[in-house]
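Computed from a prediction, not measured in an experiment: that's the story for all the values here. Here is how names work: the chains are called A, B, and so on, in the same order as the sequence lines, proteins then strands, and each is numbered from 1.
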Amino acid sequence: MPQRVMLEGAGPGAQVPAHLTRVPISLIGTDTDYSDKTVKGKVVRKGPLVSLASDNFILKTVIEEEDSPPKASSQNPSINVVLFGALAEDFSQAVNQGDVVVASGFTVGRSPTFNKDKLHPFNLLLSGDDACVYVSRPLPPPPDPRSPPASKRSSALPAEVSRTKAPKYTYSRLDDLKAGSVVNTYGVVVFFKQPFKSRGTDFCSTLKITDQSNEKIGCTVFCEKLEDHPKVFQVGDIVRLHRVKVQFFNNSMTLVNTFGFSVLAFDGAEGGSMEPRTSSRSFHLDQEDRRTVEELRSWTCSQALLPPVPTTPLSAAQPKTYFDLTCQLLAKAPIDSSCTLLRVWDGTRCAHTLLKVIVEQNVTEGPSSFSKGRESLIASVLVYDNHVESAKQLKPGDFLRIYNLRAIPGSSKVPGRSQSEEEGGDHLLFHLHGGTAYGRGIRVLPENSQDVQELKRVMEAVPEEAEDDFSELNDSLLMEVWSTPPQSPAAETTECSTVRSCGHDTQPVTLSELKRSDPGQVHHVRVQLRSYEPHRLHQALKLYCSKCTKMQDVPDDELVAGLFSEASQDSEPCIFPRWALSGRVLGSGNSPTFPRRSLSVHLSTQLLCEDKTRELIFLMGSTLEETCRLAAGYQNIVPVMSSGGHMTLLDLSAPFLFRGRKRYYGCKRCSEVTVREPSCAEGVELIDEKIVAEALGVQLLQFVLLMKLELQDATDTLDVFLWRDAELFFGVSAEDVAANQEAQNRIRQTMDSLCPVGGSAGERPWMDLCLTAYRAEVEAGQNQTCYQIFQSTVTKPASTPSDGSTVTG
DNA sequence: GCTTAGGGTTCG
């Protein structure tokens with residue numbers, strides 16, 4: 001058992017393997033995989049070495065995070081660490097109180113002493129192969145006589161104080177294989193087949209691997225149990241094979257598993273997870289293995305062996321092509337003995353209408369139908385022959401990768417009836433043909449895999465329930481507005497955090513403490529952003545009436561354009577007010593469809609006298625587009641129409657005022673519209689939206705931003721609103737967000753930095769926030785405690801390379 | 001017991 005305490009001669013942290021990322025002690029919980037994580041802290045208490053049985057020991061120690069940001073709390077976060085076996089022995093000898101240690105390869109358990117010591121609800125457990133402690137300490141060297149000479153300590157590899165050596169494996173390069181020998185080897189997968197049933201007793205899987213030698217070697221694995229097979233998900237994955245026999249076949253070397261065979265598979269991407277995929281409980285993985293994987297990853301990268309995109313989303317599926325699909329199974333139904341229907345989705349919309357295969361009633365596993373909006377995103381996959389057997393193992397909800405799926409256009413060859421038999425045309429369904437050519441097959445992806453996390457993000461951004469085509473169209477239009485220009489969020493490494501400006505003198509509390517507090521209080525918390533709504537950020541922009549306190553969505557362009565068009569239909573004669581001087585203005589159209597035409601316009605005589613003709617006009621009969629274009633030349637444009645022979649405003653769902661790119665809306669409940677001459681008394685320098693609204697009897701609606709954020713710390717999660725101080729939080733005005741792209745980008749970038757897409761918890765920066773808790777009526781008669789972020793601002797410090805710690809002040 | 005497969009698109 002290779003259990004170790006590493007002594008570092010150089011500075012702290014210098015020799016902790018680079019692929020490990022550090023987790024703040026405050027964030028330790030049980031719902032995370034810590035296999036590639038570290039925790040760092042100073043040993044503030046070191047318990048005695050306790051002998052449990054012969055050759056088994058236990059030692060308890062407390063470490064405290066030294067470099068957590070100041071003012072976070074009166075006390076630095078600390079946690080109990082329990083070490084077992086030889087590691088406990090080594091730790092006892094090699095580590096002193098006051099040393100700074102980095103622990104890796106630990107698991108997390110509930111702390112049984114939390115109620116007593118109030119240290120941390122969880123503790124770290126270090127035992128087994130992977131557990132490791134790195135000690136950084138200034139010289140002199142430790143008192144352990146077995147410790148290697150100082151010269152070695154300053155080398156790239158940490159010196160080790162270990163009583164037991166790892167069983168040593170040697171790995172053959174692929175250009176150095178001798179027929180008949182049994183070897184261990186590493187390789188990058190360039191081709192693979194999922195396990196399939198052989199004619200014999202076993203499942204068979206096929207790999208072709210390569211390494212820096214550039215040899216490409218085929219490899220066949222026979223195992224009765226599926227879980228013993230290589231867990232390869234995509235080309236570029238790295239495998240470590242133990243005990244494979246080298247054989248000659250057709251003039252080339254091949255590898256076949258032999259007695260004692262085992263395999264680990266790794267993500268092949270640089271910076272990917274170091275957690276090996278295996279069903280084996282007793283595998284050994286040390287620093288050298290990790291380095292080998294890193295080296296293969298960078299070689300793979302230099303050779304461009306990894307496919308640029310692992311799989312094709314449904315939105316990019318083209319008729320008659322083969323592709324791999326990552327998706328979620330929603331329902332399945334048998335068609336006949338050699339065909340099964342899988343209904344899947346990936347959150348993207350296929351460019352072609354998806355064909356729905358109708359099956360007999362009561363044979364579907366999972367829901368037999370979905371909302372209209374959802375149905376339009378679901379693809380029918382017909383799997384044949386040998387794949388029917390693997391489909392039997394699948395359950396609705398599973399995340400799948402389907403290899404070598406083929407997009408089939410039209411609907412003529414569908415078993416059973418199909419919804420669009422008469423339509424023919426541009427419909428798609430998908431076939432997984434029989435056989436295993438080109439790696440054809442299905443694989444269930446583990447829920448914690450990076451690809452599934454990404455898939456879920458995409459799916460979560462899809463609106464919950466049926467939305468008709470109209471609103472989806474508008475969503476996609478607005479999405480374009482929000483996402484241009486396409487920025488590369490990956491390139492942005494800026495740490496992002498927040499500062500409070502509330503001035504309260506309150507100590508930060510944990511979320512679980514906060515939840516136990518009475519409402520009506522102010523709290524300070526230190527949290528990360530776990531998720532947020534709405535994902536389509538344009539939906540965060542609302543209109544708010546300060547009089548009736550009602551909130552509404554911003555009407556979309558299609559609706560507004562409709563109101564303009566309706567208003568211009570009305571051609572009944574109109575008596576214009578006496579103060580208004582009528583004229584014509586030339587519209588902006590210049591195409592046959594939109595001819596340039598003159599529009600009826602009305603000016604205030606007073607303004608005319610003051611030679612302020614461009615400051616305010618009343619415009620009649622224009623389209624939305626014409627109004628927008630004219631808005632470039634006039635400071636204030638009020639669209640008007642004729643109603644009952646009088647000039648009046650359009651329906652208040654339309655903006656009552658255009659000021660440059662900004663549009664202003666009025667509250668339908670609280671406005672009492674009369675078109676009057678604005679009281680531009682002398683001395684009024686500028687006609688703005690307030691003056692116009694007042695003149696017209698319009699209760700001006702305010703642009704606001706409203707979001708729901710899910711916050712998280714080590715103890716709990718909490719939903720909070722970001723509303724009243726949303727502008728302060730983002731450093732933009734909601735009015736600007738409504739009108740310009742830069743302000744929209746700023747919000748998008750802020751959210752991306754607080755909650756990177758596909759990012760792990762470790763990548764999310766910490767935020768210091770001020771929260772208020774209050775009772776509010778959520779539904780009729782239902783009071784609930786709500787939380788809102790106050791007086792907190794996101795700060796973006798100059799982009800500095802992070803030291804791996806995620807905490808910023 | 002000690003084979004099975006040994007990549008290379010489709011019946012639908």
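In this entry the distance linking NE2 of A:His431 with C1' of B:dG12 reads 6 Å, nearest Å. The separation between A:His229 atom NE2 and B:dA5 atom P is 13 Å, rounded to whole Å. A:Leu428 places its CG atom 17 Å from the P atom of B:dG12, with the value rounded to the nearest Å. One can place CD of A:Glu224 at 16 Å from P of B:dT4, the figure rounded to the nearest angstrom. One atom, CG of A:Leu355, and another, C1' of B:dG12, lie 14 Å apart when rounded to the nearest Å. Between A:Arg440 atom CZ and B:dG12 atom P there is a gap of 13 Å when expressed in whole angstrom units. Atom CD of A:Gln194 and atom C1' of B:dG7 are 14 Å apart (whole Å). A:Tyr384 has its OH atom 15 Å from the C1' atom of B:dT9, to the nearest Å.
Where A:Thr436 and A:Leu432 each meet DNA chain B at their nearest nucleotide, the meeting point lying more 5' is that of A:Thr436. Mapped onto DNA chain B by nearest heavy atom, A:Lys208 and A:Arg406 fall at different nucleotides, with A:Lys208 at the one closer to the 5' end.
Side-chain nitrogen and oxygen atoms of A:Arg199 include none within less than 4.0 Å of the OP1 or OP2 phosphate oxygen of B:dT3. Within the 4.0 Å cut-off from OP1 or OP2 of B:dG7, not a single side-chain nitrogen or oxygen of A:Lys216 is found.
DNA chain B lies under 4.0 Å from at least one heavy atom of each of the following residues of residues 304-325 of chain A: A:Tyr322.
In this structure, A:Asn404 reaches the bases: a heavy-atom distance under 4.0 Å links it to at least one base atom across the strands shown. Across all strands, A:Gly435 comes closer than 4.0 Å to no nucleic acid atom at all (heavy-atom distances).
Taking 4.0 Å as the cut-off between side-chain N and carboxylate O, A:Asp289 and A:Arg240 count as a salt-bridged pair. Salt-bridge annotation for A:Lys456 and A:Glu447: present, with a side-chain N of the basic residue lying under 4.0 Å from a carboxylate O of the acidic one. A salt bridge links A:Asp451 with A:Arg401: the closest approach of a Lys/Arg side-chain nitrogen to an acidic carboxylate oxygen falls below 4.0 angstrom. In summary, A:Glu389 and A:Lys197 do not engage in a salt bridge, as defined by a charged side-chain N under 4.0 Å from a carboxylate O.
Distance noted for atom C1' between B:dG6 and B:dT10: 23 Å (whole Å).
Nearest nucleotide to the A:Thr201 side chain, out of B:dT9, B:dG1, B:dC11: B:dG1. Here the nucleotide nearest the side chain of A:Ser198, chosen from B:dG6, B:dA5, B:dG12, is B:dA5.
Residue side chain A:Tyr438 fails the stacking definition with respect to B:dG7, as its ring centre and the base's six-membered ring centre are not both under 5.5 angstrom apart and under 30 degrees in plane angle. You cannot call A:Phe222 stacked on the base of B:dT3; the centres under 5.5 Å and planes under 30° rule is not satisfied.
A:Thr353 and A:His427 share no side-chain donor-acceptor pair at under 3.5 Å. Side-chain atoms of A:His387 and A:Asp385 include no donor-acceptor pair closer than 3.5 Å. At a cut-off of 3.5 Å, with distance as the only test, no side-chain donor of A:Asn250 or A:Ser252 sits close to an acceptor on the other residue.
Taking 90° from 0 as the syn/anti boundary, the base of B:dG8 is oriented syn.
A donor-acceptor contact under 3.5 Å is not formed by the side chain of A:Lys193 with the base of B:dG7.
Taking the six-membered ring for Trp, A:His242 and A:Tyr169 have ring centres closer than 6.0 Å.
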